[in-house]
Amino acid sequence: MRHGQSIAVVIPTLNEEQAIARVIGDIPHWVDKVIVADNASQDGTRSVARALGADVVVEPDRGYGAACQRGIAASDAYDIIVFLDGDYSDYPQDMARLVDPIAANDADLVIGSRVNASRNNGSLTVQQRFGNWLACTLIRHLFGVAFTDLGPFRAIRADALSSLNMQDRAYGWTVEMQIRAAKAGLRIKELPVRYRARIGVSKISGTLSGSVRAGATILRIIGRSALQPQ
């Protein structure tokens, strides 16, 4: 409980056995529930998470958005939901920066920007930096909202998230949330958060094919959203 608001953290994972203990260990004590939404890992991710007291749910269909949706389904009755990657690239210690504006009723969605904060060398790949720039440029021109990042570390009011009717089950989850939130007139803040090189190899940006698929999905969602009525 923070400032009278109940907080659930959703951590989508896929083979994060080496990192998940550090992620859970750094989550602030005031978080009410930690949910590891596992995307059918083939290592010990689930066992480690359970041993550390996290609630573990399994989403057999591969996809970042699919795992997030499974985690959301297990987080009902909480006021604020925080999304945090399971690879230890985000700093859970920065969570208050994202949660406090929502708890104070100054925002509905707060996005952690990796672009506007300190990050370790190599933490954002060239393709990630270019993809962020391109997607955010298109969003600004098409929807009139300025973002600098599509970062996964974010917090949102649970009722606001429910109203967005999220659909994407793959790589476009973050950009879909930002576009839908902008079109819905939600109060959005973007605040700097620290970022470091992840533990292990990214399933998306770590391979050329993953980067291409992610980029195509993001562009498809932006284009489809631009054609849809408000």
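Everything numeric in this text was worked out from a predicted model, so none of it was measured.
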Minimum heavy-atom separation for [X] and [Y], please, with both atom names.
X	Y	value
Ala21	Leu52	CA-CD1, 3.5 Å
Ala49	Val56	CB-CG2, 3.8 Å
His3	Ala103	CB-CB, 4.0 Å
Ala73	Asp76	O-OD1, 4.2 Å
Pro12	Leu84	CD-O, 3.4 Å
Arg114	Pro152	NH1-CD, 3.8 Å

Say whether [X] and [Y], considering side chains only, have a donor N or O and an acceptor N or O under 3.5 Å apart.
X	Y	value
Ser6	Asp32	no
Asp85	Tyr64	yes
Thr45	Asp38	no
Gln178	Arg154	yes

Kindly indicate whether the side chain of [X], heavy atoms from C-beta on, has any atom under 4.5 Å from the side chain of [Y].
X	Y	answer
Ser113	Phe147	no
Pro101	Leu191	yes
Ile81	Val10	yes
Arg70	Asp61	no
Phe153	Leu98	yes
Val9	Lys33	no
Asp159	Leu161	no
Phe83	Ile72	yes

Would you check if the side chain of [X] reaches a backbone N or O of [Y] as a donor-acceptor pair within less than 3.5 Å?
X	Y	result
Arg198	Gly200	yes
Asp108	Arg187	yes
Gln69	Asp168	yes
Arg2	Val31	no
Asp90	Pro92	no
Arg194	Asp94	no
Asp87	Ile199	no
Asn132	Asp149	no
Thr137	Trp133	yes

- Neighbour count >12 (heavy atoms, 6.0 Å) for atom CZ, Arg22: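 No, not enclosed.
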- With the 4.5 Å side-chain cut-off for hydrophobic clustering, are Tyr78 and Trp30 part of the same group? no
- Query: Are Val145 and Leu134 in one and the same hydrophobic cluster, where Ile, Leu, Val, Met, Phe, Trp and Tyr link if side-chain heavy atoms are under 4.5 Å apart?
  - Reply: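 Linked within one cluster.
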- Task: Take Lys189 and Asp106 through the test salt bridge (charged side-chain N to carboxylate O under 4.0 Å, His left out) and record every step on the way to the result.
- Result: CA-CA 9 Å; Lys189 287 183 181 290; Asp106 291 330; over 6 Å; no
- Begin from the C-alpha positions of Ile139 and Ile222 and carry the test side chain to side chain contact (heavy atoms under 4.5 Å, CB included) through to its verdict. CA-CA 7 Å; Ile139 291 172; Ile222 293 173; 4.3 Å; yes
- Task: Output, in order, the C-alpha distance, side-chain angles, deciding distance and verdict of side-chain hydrogen bond (donor to acceptor under 3.5 Å, both in side chains) for Glu190 and Thr148.
- Result: CA-CA 8 Å; Glu190 193 179 53; Thr148 65; 3.0 Å; yes
- Run the numbers on Ile218 and Leu150 for side chain to side chain contact (heavy atoms under 4.5 Å, CB included), then give the verdict. CA-CA 10 Å; Ile218 289 170; Leu150 307 178; 4.1 Å; yes
- Task: Kindly determine whether Val36 and Val23 satisfy side chain to side chain contact (heavy atoms under 4.5 Å, CB included), including the steps that lead there.
- Result: CA-CA 11 Å; Val36 170; Val23 177; over 6 Å; no
Roughly how far, to the nearest 0.5 Å, is the [atom2] atom of [Y] from the [atom1] atom of [X]?
X	Y	atom1	atom2	value
Ile35	Cys68	CD1	SG	11.0 Å
Ile80	Met1	CD1	CE	10.5 Å
Ser225	Leu138	OG	CG	11.5 Å
Ser75	Ile7	OG	CD1	11.5 Å
Arg50	Ile24	CZ	CD1	11.0 Å
Glu176	Thr217	CD	OG1	11.0 Å

- Take Gln5 and Ile102, measure what side chain to side chain contact (heavy atoms under 4.5 Å, CB included) needs, and give me the verdict at the end. CA-CA 9 Å; Gln5 301 290 298; Ile102 301 175; 5.9 Å; no
- Do Asn165 and Arg180 pass the side-chain hydrogen bond (donor to acceptor under 3.5 Å, both in side chains) test, and can you show the C-alpha distance, the side-chain angles, and the key distance before you say yes or no? CA-CA 9 Å; Asn165 190 28; Arg180 286 178 179 258; 5.7 Å; no
- I would like to know whether Arg169 and Glu59 meet salt bridge (charged side-chain N to carboxylate O under 4.0 Å, His left out); could you show each step before the answer? CA-CA 11 Å; Arg169 294 176 62 82; Glu59 174 51 60; 3.5 Å; yes
